[in-house]
Amino acid sequence: MPIRLYNTLTQKVEDFAPASDNTVRMYACGPTVYNFAHIGNLRTFTFQDILRRWLRARGMETLHVMNITDVDDKIIRTAVQQGVSIFDYTKPYEAAFLEDMATLRLQRPEKVVRATDHIGEMVSLIQSLTEKGITYESDGSIYYRIAKFPEYGKLSHNDFGGMIAGARVDVDEYEKENARDFVLWKNKKEGEPSWDTPIGDGRPGWHIECSAMAMKYLGETLDIHAGGVDLTFPHHENEIAQSEAVTGKPFARFWIHGEHLIVEGQKMSKSLGNYYTLRDVLQMGYQPEAVRYLLASVPYRNKLNFTFDGLKAAVTSIERLRNFELRLKTDKFPEGSNADADKRTAESLARFEEAMDDDLNTANALGVLFEFIRETNTAMDSGGFNAANVAPVVALLARFDEVFDILKPTVAEGGLTDEAIDALAAERVAAKKARDFARADAIRAELLEQGIILEDTKEGTRWKRKA
RNA sequence: GGCGCGGUAGCCAAGUGGUAAGGCAAGGGUCUGCAAAACCCUCACUCGUCGGUUCGAUCCCGACCCGCGCCUCCA
């Protein structure tokens, strides 16, 4: 079965394959770097990560471009206020964003590109639009006349036809012919950064950057354009208008939108005090994997209710998965092979993949895996699992972790190394053997303080890091 | 008003026209120097409400109630 993805454009789940060769050309709207990313932003980027990882797991190559919006009204306003250049203002947030991505184990897209490095491309695109008679100028700014693009509204499934006639003046100081017309190039304002170009001294509007950068790196028709739901309109609608008016070709074959995250049942906002960055959550003592697991566990088209109960549940779930992996790798199983065990593993792998193929149904995929783990644990307890059955299970877990990536613990800086833990664990075993339980318990307590849990099993003592 | 999404056990959540996955929590048990950890078992006659279609509906249709998103910057 092919991978099936929901396409906002057609409002249907469709079979997906790249248009040409084996490379998926995808563009994902990245962050505006005026602040630290919050967990809501990160939910969207986690969904994009799951998407790209699953495409790759299914044997495709990805050419994934993510933009960094490093110029917009908010950035300019704040930078001017602080008396720094927009570059100096955005630079640390851009770095922080890339750091957060790495912390959350979000794979780096093949290309991460800045808006301000592509002013020339944007200007060319605006010039092409002007040549086609789609733009108009007002007060030194250039606008897109949506009346010239009859398909306007096809992505967000809105009919704007009736509104074209009712020309209004926008509330800001720019004159527009139609309320829906949007700015491509903003005239320079005194005291604000600008670029002196053939179309004037000014700065780009928000929408043009994505069209320009996407087409520069990925060609006129992308396989996938992804982003948060809120971008569907107007941002993505405008991208379509800009790009297709110039090329006459579909801008993207698949439009994939990730739902938002809410916090404790409410929209996240600073005024409600439920606004969290990744850094905030990690400071509370949670591991990045727990955040990643929680963000990935709800299918991307559903709203995700981020709660601390949910985060704790994620921690415990990860432990269950890791415990199983640990058992698989440390238990001694009888020689030979059990046919039922292999059959169960093969079927679970197939069901896991089928769930992921089904529009990235991560909740279902996790269900398959947990059910498999319970059944396999039972088989292990009752002797229905042999040494030769281990390898396929290891492969199944690897397949799972290829996309979820939560099995490997994050080792804190300055924490105990594996070798140091091994040594202490061995010392405790010796103390136990000598029936020096006081010493043994002391070591156990000491390790626990460092987040290391010791487990005495039939095969001996093993240890693990707390999730 | 327009477009769209959702209401499944204490919480999160999958799902199908044929009688409810999974995770967490809770209760019980196995194991153990004690403990911890681990593992196992139990846990929705019921899927917002009311009608309809059907041999049969949580899943299809209609109405209604509730919550939410977008239509303005926003992941």
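Bear in mind the structure is a predicted one, so any value in this text is a computation, not a measurement. In what follows, chains are A, B, ... by sequence order, proteins preceding strands, each numbered from 1. Atom set for the values below is all heavy atoms of this structure, side chains included, hydrogens, waters and symmetry mates excluded.
Within 4.0 Å of A:Gly367, counting heavy atoms only, lies at least one base atom of the nucleic acid. Note on A:Lys464: only backbone sugar-phosphate atoms sit closer than 4.0 angstrom, heavy atoms only; bases stay farther off. Nucleic acid contact for A:Leu261: base, since at least one base atom lies under 4.0 Å from a heavy atom of the residue. Here A:His38 lies in heavy-atom contact (under 4.0 Å) with a base. A:Asp73 comes within contact range of no nucleotide atom at all, as no heavy-atom separation falls under 4.0 Å. A:Ser297 comes within 4.0 angstrom of no nucleic acid atom, judged by non-hydrogen atoms across all strands. Among the heavy atoms of the strands lying under 4.0 Å from A:Leu454 is at least one base atom, whether or not backbone atoms are also near. At a threshold of 4.0 angstrom between heavy atoms, the contacts of A:Pro31 with the nucleic acid are absent. Across all strands shown, A:Asp309 has no heavy atoms under 4.0 Å from either base or sugar-phosphate atoms. The residue A:Gly310 sits apart from the nucleic acid: no heavy atom pair falls under 4.0 Å. A:Lys74 comes within 4.0 angstrom of nothing in the nucleic acid, heavy atoms only.
Pair check for B:C55 finds B:G18; Watson-Crick or G-U wobble, both atom distances under 3.5 Å. Shown here, B:U32 forms no base pair; nothing in the strands shown gives a Watson-Crick or G-U wobble contact with both key distances under 3.5 Å. B:A63 is paired with B:U49 under the Watson-Crick or G-U wobble criterion, all donor-acceptor distances under 3.5 Å. The partner of B:C24, taking Watson-Crick or G-U wobble pairs whose two distances both stay under 3.5 Å, is B:G10. Look at B:U72: it lacks any Watson-Crick or wobble partner with both distances under 3.5 angstrom.
With respect to A:Arg444 and A:Asp441, a salt bridge is recorded, a charged nitrogen being found less than 4.0 Å from a carboxylate O. Salt bridge A:Glu237/A:Arg180: absent, no basic N to carboxylate O contact under 4.0 Å. Using a 4.0 Å cut-off between a side-chain N of Lys or Arg and a carboxylate O of Asp or Glu, A:Arg462 and A:Asp331 qualify as a salt bridge. A salt bridge links A:Asp73 to A:Arg203: one of the charged nitrogens lies within less than 4.0 Å of a carboxylate oxygen. Using a 4.0 Å cut-off between a side-chain N of Lys or Arg and a carboxylate O of Asp or Glu, A:Arg428 and A:Glu446 do not qualify as a salt bridge.
Under the 30°/60° scheme for interplanar angles, the aromatic rings of A:Phe182 and A:Tyr144 are found to lie parallel. Aromatic ring pairs are classed by plane angle as parallel below 30°, tilted from 30° to 60° and perpendicular above 60°; the pair A:Tyr89 and A:Tyr93 is perpendicular.
In this model, the phosphate group of B:A37 is not approached by any side-chain N or O of A:Arg320 to a distance below 4.0 Å at OP1 or OP2. Dashed line: the shortest gap from a side-chain N or O of A:Arg351 to OP1 or OP2 of B:A21 is not under 4.0 Å. In this model, the phosphate group of B:A35 is not approached by any side-chain N or O of A:Lys432 to a distance below 4.0 Å at OP1 or OP2.
Checked against A:Glu289 for a salt bridge (charged side-chain N to carboxylate O under 4.0 Å, His left out), the options A:Arg465, A:Lys466, A:Arg105, A:Lys408 give a single hit: A:Arg105.
Following rounding to the nearest Å, A:Ile453 (CD1) and B:A35 (P) show an atom-to-atom distance of 18 Å. Summarising the geometry, the separation between CD1 on A:Ile75 and C1' on B:C73 is reported as 12 Å, rounded to the nearest angstrom. Computed from coordinates, the A:Glu455 CD to B:A37 C1' distance equals 5 Å when rounded to whole Å. In this structure, A:Asn323 places its CG atom 11 Å from P of B:A37, rounding to the nearest Å. Rounded to whole Å, atom P of B:A75 lies 13 Å from atom NE2 of A:His257. Look at CG on A:Leu447: it is 15 Å from P on B:A37, rounded to the nearest Å. Rounding to whole angstrom units, CZ of residue A:Phe352 and C1' of B:A21 are separated by 15 Å. Counting to the nearest Å, the P atom of B:A13 and the OH atom of A:Tyr293 are 13 Å from each other.
Here, B:C59 and B:U16 have their C1' atoms 6 Å apart, quoted to the whole Å. Taking atom P in both B:U32 and B:A13, one finds a spacing of 40 Å when rounded to whole Å. Taking atom P on both B:A21 and B:A44, the two are 10 Å apart, rounded to the nearest angstrom. Look at the C1' atom in both B:G6 and B:U49: the space between them is 16 Å, to the nearest Å. Nucleotides B:A14 and B:C31 are separated by 33 Å at their C1' atoms, to the nearest Å. Across B:G22 and B:A9, the matching C1' atoms stand 13 Å from one another, rounded to whole Å. Here the separation of B:G48 from B:U58, taken at their P atoms, is 10 Å to the nearest Å. B:G18 and B:C3 have their P atoms separated by 32 Å, with the value rounded to a whole Å.
Taking for each of A:Asp456 and A:Tyr34 the nucleotide of RNA chain B with the nearest heavy atom, the 5'-most of the two is the partner of A:Asp456. Taking for each of A:Phe45 and A:Asn364 the nucleotide of RNA chain B with the nearest heavy atom, the 5'-most of the two is the partner of A:Asn364.
Between the side chain of A:Arg322 and the backbone N or O of A:Ile406 there is at least one donor-acceptor pair closer than 3.5 Å. Side-chain N or O atoms of A:Asp223 include one that pairs as donor or acceptor with a backbone N or O of A:Arg25 at under 3.5 Å. Panel note: side chain A:Asn361, backbone A:Ala355; no donor-acceptor pair is recorded below 3.5 Å.
Legend: salt bridge (Lys or Arg N to Asp or Glu O under 4.0 Å) pairs involving residues 307-319 of chain A, not counting sequence neighbours: none detected.
Residue side chain A:Arg444 does not reach the base of B:A36 through any donor-acceptor N/O pair under 3.5 Å, judged by distance alone. Taking 3.5 Å as the limit, the base of B:G33 and the side chain of A:Asp436 contain no donor-acceptor pair of atoms between them.
A:Tyr152 has its side chain out of reach of A:Ile240: every pair of non-hydrogen atoms, C-beta onward, lies at least 4.5 Å apart.
Residue A:His260 and nucleotide B:A75 are classified as a stacked aromatic pair, their ring centres being separated by less than 5.5 Å at an interplanar angle below 30°.
In the set B:G33, B:A13, B:A75, B:A13 carries the atom at the smallest distance from any side-chain atom of A:Pro299. If you check B:C24, B:C12, B:C71 against the side chain of A:Phe233, the one that comes closest is B:C71. For A:Thr316, the side-chain atoms get nearest to B:C24 when compared with the rest of B:C39, B:C24, B:A35. You'll find that the side chain of A:Asn305 is closest to B:C12, out of B:C12, B:A75, B:C34.
No close placement of the A:Phe306 and A:His38 rings is indicated, their centers lying 6.0 Å or farther apart.
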List every contact pair, protein side and nucleotides 2-9 of chain B side both N or O, where the distance is under 3.5 Å.
{"residue": "B:C3", "atom": "O2'", "partner": "A:His157", "partner atom": "O", "Å": "3.4"}

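Contacts between residues 370-377 of chain A and RNA chain B, defined by a heavy-atom separation under 4.0 Å, are made by A:Phe370, A:Glu371, A:Arg374, A:Asn377.
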